[in-house]
Amino acid sequence: MIDKFKQEKLRKMLETGINPYPYSFKQEMHADDIKNDFETLKGRKTSIAGRAMSIRHMGQLYFIDILDSTGKIQVLLSPQMTKPESMSLLDLIDMGDILGIHGTINKSKRGEISIEAYEITVLSKSLSPMPEKFHGLSDTEIRYRKRHLDLVANPEVRKFFITRAKILNYFRKFLDSRGYIEFETPILQPTYGGANAEPFVTRYRALDADFYLRVSDELYLKRLIIGGLEKVYEVSKDFRNEDIDSTHNPEFTQVEFYEAYKDYNDFMTMTEELLSSLVKELFGTFKITYQGKELDFTPPFKRIYWVEEVKRLSGIDVSTLTDQESREVAMREGLKTSTFNAYHVADGLFDKYVKPNLHDPTFVLDFPAYMCPLTKDKRGNPKLSERFEVFIAGREEGNCYSELTDPIEQRKKFEDQERERLRGDAEAPPSDEEFLEAIEFGMPPTAGIGLSIDRLAMILTDNISIKELLAFPTMRPKK
RNA sequence: GGGCCCGUAGCUCAGUCAGGUAGAGCAUCUGGCUUUUAACCAGGUGGUCGGGGGUUCGAACCCCCCCGGGCCCGCCA
């Protein structure tokens, strides 16, 4: 939306030979540099750049707040300290314009750290109105659809994204320092798998074939392990064609990592170390507050057993659930699952009875084997699988297996899933012959995990909506 | 998919219960002010009240449909 007064000022700038959209500016310092080190910098000449957030003036004395990537700093202008051309430029400047300032670091009479400007330069003339300066921008829809306005108007929002970036950076440092290799596996896949989820379908024109946006990168990363890479990871955008709510976005980010010769016990320790040291790095402590409640990341995390816990709280032993029993249980317990097979009913029981009680970081171990098509059996108990999920604040944060490496067993589990799929479970993935062929070649014992970056960022920024942590969350297109 | 709530000026919001000339603050425009910082003072501009239909002499307000958003529930390892 173009403001006619701003447009008129732009025209006057061009008329007087001022370029309102110049090519570069020497930005010597940032607001924080100056504020953090004022005593040593006082009296020094410097240059800053940023967006004008507030312009106040008393006669010929002007105060402009400039916002840069580190925060705000005040700029002072008056005929005594500022070039005449810059003083007259003030008539053509508005809140929202991006400005460059050359001046001297000092304090105002009221004690505010300021730049006494010698010269002011327009770096970009803004043509549309700014959001309100005191209340900011609170309309959720506008905040998400026009994130640039949100970032300018709401200072805490940029902190959320900085924290998110720090999390990802920490994951990479953690894994790189352990000798992991970062990979990028296909997002467009001829088949899909590695998770139970409905895929997005797209058309690959050059190949004249339907392709799927990946629901997981698991099977590709395992093929790298088979190839002998031993330690691999990927920061993976995955896509699941499901509903949107406060903890689910169809397009989301996981970090998955796999390491040869390890099992899920090794990975429990490693996950604990990764998450606790991340929290320590960001907050200087293991204890943080989430939605008014303390979350304690002090290792070791609590460990509970999936089947035992469901049995303890619901009285139902799901380790041997048949499909016939599943339906009865679902009816009796009032579970509204999409499919009444053992997988979905057991999962429903867990969500109903166990999940609400999980707050501090907790490992939930040893799932029923029928829920784990890609996992080795529990040593000594083939009804269970060596799988854990880590829960934080009642939400699933990660999922880990002692990876199934037996190709005969894997083929059988894929066939079981295929059967479920044909029986109407839309989330059961098809069998993957390419992967089976790879695993037949011989896969070392391996542990693997996927951790949700979006949800971790929610927790570490004290947010309850995943959309706050997605720079551009999916919104329905405007008609 | 179900329930509840919201949509009024660029932004933040009153006004809807009980129908009767469209409101405030900020922003913006004009003027004043040489240490302000939600600056201040004076005076202006600015509206398809989300869209469409209905009831009515008269609708931002009541009814219906639609669009967009939020929260909760269901579904989603």
Side-chain angles (χ1 to χ4, degrees), chain A residues 1-6 8-9 53-65 72-82 94-96 106-114 116 126-146 149 152-154 194-198 215-216 240-250 252 306 334-339 343-344 346-348 350-352 355 364 367-368 370-375 385 387-389 391 396 398-401 425-429 450 452 464-465 467 473 475-479:
Chain A
M1 177 189 175
I2 290 185
D3 179 285
K4 63 176 179 175
F5 293 103
K6 292 177 195 250
E8 177 58 18
K9 289 173 183 173
M53 297 300 287
S54 164
I55 301 176
R56 307 172 291 280
H57 74 105
M58 299 197 58
Q60 286 298 293
L61 180 64
Y62 279 75
F63 302 87
I64 303 180
D65 290 342
K72 279 187 201 173
I73 190 160
Q74 179 171 273
V75 172
L76 263 74
L77 304 94
S78 75
Q80 287 76 39
M81 55 179 104
T82 309
D94 293 298
M95 268 171 54
N106 210 336
K107 273 188 181 172
S108 72
K109 274 191 186 163
R110 288 285 173 88
E112 171 101 12
I113 292 171
S114 307
E116 293 176 343
S126 167
L127 296 180
S128 50
M130 286 278 283
E132 207 244 18
K133 65 179 174 184
F134 181 57
H135 297 94
L137 183 68
S138 61
D139 185 311
T140 323
E141 186 175 353
I142 300 178
R143 287 188 49 233
Y144 294 158
R145 285 190 196 271
K146 304 185 180 182
L149 295 180
V152 167
N154 299 318
N196 279 33
E198 271 193 77
V215 297
S216 160
R240 298 184 184 173
N241 216 338
E242 293 160 355
D243 278 351
I244 301 170
D245 67 26
S246 61
T247 58
H248 295 82
N249 195 67
F252 65 103
W306 205 99
L335 302 176
K336 291 175 187 165
T337 62
S338 58
T339 316
Y343 176 102
H344 283 282
D347 199 40
F350 180 85
D351 285 354
K352 180 177 173 185
K355 210 160 115 175
V364 185
F367 285 56
Y370 55 75
M371 293 181 78
C372 310
L374 299 163
T375 314
S385 288
R387 166 180 175 183
F388 72 77
E389 289 188 343
F391 282 79
E396 182 197 337
N399 185 13
C400 170
Y401 317 138
D425 187 343
E427 290 142 24
S452 162
I464 54 166
S465 169
K467 289 188 174 180
M475 301 292 276
R476 191 177 293 277
K478 287 262 191 187
K479 283 181 182 164

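In the text below, chain A, chain B and the rest are named by the order of the sequence lines, each starting its count at 1.
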**Report entry** Residues in side-chain contact (heavy atoms from CB on, under 4.5 Å) contact with A/Tyr343, at least two apart in sequence or another chain
**Finding:** A/Asn196, A/Asn341, A/Met371

Query - Polar pair under 3.5 Å, donor/acceptor by atom type, side chain A/His248, base B/C76 - result: yes

Query raised in the report: With sugar-phosphate meaning primed atoms plus P, OP1 and OP2, does A/Asp245 contact a base, only sugar-phosphate, or nothing at under 4.0 Å between heavy atoms?
Result: base

Requested in this report: Using whole Å, report how far CE of A/Met95 lies from P of B/U37.
Outcome: 16 Å

Query raised in the report: Base, sugar-phosphate, or nothing for A/Asp347, non-hydrogen atoms under 4.0 angstrom?
Result: sugar-phosphate

Query raised in the report: Within the structure, does a side-chain N or O atom of A/Lys4 lie under 4.0 Å from either OP1 or OP2 of B/U28?
Result: no

Query raised in the report: Under 4.0 angstrom, heavy atoms only, what part of the nucleic acid is A/Ser138 near: base, sugar-phosphate, or nothing?
Result: sugar-phosphate

Report task. Looking only at non-hydrogen atoms, find the nearest pair between A/Val152 and A/Met53 and report the distance. Result -> O-CE, 3.4 Å

Report task. With sequence neighbours excluded, tell me which residues meet side chain to side chain donor-acceptor pair (under 3.5 Å) with A/Asp347. Result -> none

Report summary line: Whichever of A/Arg240 and A/Phe5 has the more 5' nearest nucleotide on RNA chain B, that residue is A/Phe5

Requested in this report: With heavy atoms under 4.0 Å as the rule, sort A/Ala153 into base, sugar-phosphate or nothing.
Outcome: nothing

Query raised in the report: Just checking A/Gln80: base, sugar-phosphate only, or nothing, at a heavy-atom cut-off of under 4.0 Å?
Result: base

Requested in this report: List in chain and number order the residues that pass side chain to side chain donor-acceptor pair (under 3.5 Å) with A/Ser54, two or more places apart in sequence or in another chain; answer none if no residue qualifies.
Outcome: A/Arg56

Query raised in the report: Contact class for A/Arg476 (heavy atom, under 4.0 Å): base, sugar-phosphate, or nothing?
Result: sugar-phosphate

Query raised in the report: What closest approach, in Å, do A/Ser126 and A/Ser128 show between heavy atoms, and which atom pair accounts for it?
Result: OG-O, 3.3 Å

Report summary line: Across all chains, not counting sequence neighbours, the salt bridge (Lys or Arg N to Asp or Glu O under 4.0 Å) partners of A/Arg145 are A/Glu141

Report summary line: With sequence neighbours left out, the residues meeting side chain to side chain donor-acceptor pair (under 3.5 Å) with A/Tyr144 are A/Glu468

Query raised in the report: Is A/Lys352 touching bases, backbone alone, or none of the nucleic acid, heavy atoms closer than 4.0 Å?
Result: nothing

Query raised in the report: Base, sugar-phosphate alone, or nothing: which one does A/Phe391 contact when heavy atoms must sit under 4.0 Å apart?
Result: nothing

Query raised in the report: If you take atom types as modelled and just measure distance, does the side chain of A/His57 reach the base of B/C33 with a donor-acceptor pair under 3.5 Å?
Result: yes

**Report entry** Touch class at under 4.0 angstrom, heavy-atom based, for A/Tyr343 against every strand present
**Finding:** base

Using nucleotides 2-10 of chain B, report all nitrogen or oxygen pairs with the protein that are shorter than 3.5 Å.
none

Report task. Remember a base hit wins even if backbone is also touched, and classify A/Gly194 as base, sugar-phosphate or nothing at under 4.0 Å, heavy atoms. Result -> base

Query raised in the report: Do A/Gln60 and B/U34 have a side chain to base donor-acceptor pair shorter than 3.5 Å?
Result: no

